[in-house]
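Working notes, structure below.
Numbers restart at 1 for each chain; the letters A, B, ... are given by sequence-line order, proteins then strands.
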Amino acid sequence: MIGAAPLDTAFYARPAEAVARDLLGTLIVSTVGDETTIARIVETEAYIGPHDPASHAAERIGRTSRNATMFGAPGFAYIYRSYGIHWCLNVVTDTVGFPAAVLIRAIEPVAGIETMRRRRWPDREPGPDTHIGSGPGRLGVALGITGTLDGHPLEQPPLQITAGTVVGPTRFTKGPRVGITRAMDWPLRFSIRGNPHVSR
DNA sequence: GGTCGGATCATCT
DNA sequence: GATGATCCGACCG
């Protein structure tokens, strides 16, 4: 459903694993730069707390300026710079003082696809639509997300998440997270089964 | 199809 | 000084 109300704090104020699963099928509505783009979340990863060694807020790291948003209230965007190049979007979950978040790993374009194509390929022929948001760095570009949105409440423009399509228990896959070097076997990555926009 | 190296920088050792 | 929740283009087969 397009135009649904934003997800509320109660949705986010749960363990990251539950939020990661339930974010599948919901819609990101971005009005960054006066252009509206809407995309369905098709892949997520949970970073479940200080005991999660792969988390930016793992116990051995503690609270730093980068991960400060993860320690705050649920329902806010945690955005970080990846490999010095990409902006990656997370959603803060659980409770204040307990750092947990869900990384959005892939999206499927729903509206504003021309804007997304232009942002992704400004100086060359557009690639296939399945490459617009099939990865955390890619979807950041497509939706116009930058570090200035770190700490932004996701119930407000210009970046919101609203209810979308309910993804049933047999229509998603759960498996190991991608690109990490610790806790590589923890099954905290969720994706819509068979969706061509999933990163892998 | 697959593998490899470069880009680029905030954060941490 | 090294690392990393990545991506892309080049090259190989």
Side-chain angles (χ1 to χ4, degrees), chain A residues 12 15-21 23-24 28 39 41-72 74 76-94 98-109 116-152 154 159 161 173-191 196-200:
Chain A
Y12 300 106
E17 182 171 357
V19 176
R21 182 257 175 273
L23 278 172
L24 294 178
I28 302 175
I41 296 174
V42 300
E43 182 180 0
T44 59
E45 278 180 0
Y47 290 85
I48 58 179
H51 58 295
D52 179 352
S55 172
H56 285 173
E59 202 121 52
R60 70 177 191 286
I61 299 172
R63 184 177 188 145
T64 67
S65 57
R66 174 170 78 160
N67 65 28
T69 303
M70 289 182 72
F71 287 79
F76 287 71
Y78 165 50
I79 296 168
Y80 70 93
R81 191 86 131 143
S82 175
Y83 288 87
I85 300 176
H86 303 107
W87 293 111
C88 295
L89 170 65
N90 296 248
V91 173
V92 177
T93 75
D94 223 297
F98 185 88
V102 175
L103 171 67
I104 311 303
R105 275 200 59 87
I107 54 95
E108 170 182 347
M116 297 190 214
R117 283 197 196 105
R118 194 190 69 244
R119 286 171 175 164
R120 284 276 288 117
W121 299 286
D123 299 318
R124 80 183 71 122
E125 290 302 303
D129 290 349
T130 51
H131 289 194
I132 288 178
S134 55
R138 291 172 175 179
L139 73 88
V141 173
L143 297 173
I145 290 166
T146 67
T148 62
L149 286 167
D150 183 42
H152 172 79
L154 291 166
L159 189 63
I161 300 180
T173 306
K174 176 181 177 179
R177 292 174 293 186
V178 173
I180 54 173
T181 58
R182 299 169 195 262
M184 297 176 63
D185 56 339
W186 293 18
L188 293 172
R189 171 177 170 266
F190 298 84
S191 59
H197 302 269
V198 167
S199 74
R200 61 172 75 171

Out of B:dA7, C:dG9, C:dA5, minimum distance to the side chain of A:Arg124 belongs to C:dG9
With respect to the phosphate group of C:dA5, does any side-chain polar atom (N or O) of A:His56 fall under 4.0 Å of OP1 or OP2?
yes
Would you kindly check whether a donor in the side chain of A:Tyr83 faces an acceptor in the base of C:dA5, or vice versa, at under 3.5 angstrom?
no
Which nucleotide in the list C:dA5, B:dT11, C:dT6 gets nearest to the side chain of A:Thr181?
C:dA5
Would A:Arg177 and A:Glu45 pass as an ion pair if we require N to O under 4.0 Å?
no
Does A:Asp94 reach the side chain of A:Pro15, with side-chain heavy atoms less than 4.5 Å apart?
yes
Using a cut-off of 4.0 Å on non-hydrogen atoms, how would the nucleic acid contact of A:Ile85 be classed: base, sugar-phosphate, or nothing?
base
Using a 4.0 Å heavy-atom cut-off across all strands, classify A:Arg177 as base, sugar-phosphate, or nothing.
nothing
Within the structure shown, what part of the strands sits under 4.0 Å from A:Arg120 by heavy-atom distance: base, sugar-phosphate, or nothing?
sugar-phosphate
In whole Å, I'd like the distance from the CZ atom of A:Arg138 to the C1' atom of C:dG9.
12 Å
Ignoring hydrogens, what is the shortest heavy-atom contact between A:Arg105 and A:Arg189? Give both atom names and the distance.
NE-NE, 4.5 Å
C:dG9, C:dA5, C:dT6: which one has an atom nearest the side-chain heavy atoms of A:Ser82?
C:dT6
Suppose we define a pair by two distances each less than 3.5 Å, Watson-Crick or G-U wobble; what does C:dA5 pair with here?
none
Aromatic ring of A:Tyr80 stacked on base six-ring of C:dA5, 5.5 Å, 30°:
no
Between B:dC12, C:dT6, B:dA7, which nucleotide has the shortest distance from any of its atoms to the side chain of A:Ile61?
B:dC12
Ranking B:dT11, C:dT6, C:dC8 by distance to the side chain of A:Thr64, first place goes to B:dT11
Whole-Å distance separating the CZ atom of A:Arg81 from the C1' atom of C:dT6:
12 Å
Select one nucleotide: of B:dT11, C:dA5, B:dT8, the one nearest the side-chain heavy atoms of A:Ser65.
B:dT11
Ring-plane angle category for A:His51 and A:Trp186, please: parallel below 30°, perpendicular beyond 60°, tilted otherwise.
tilted
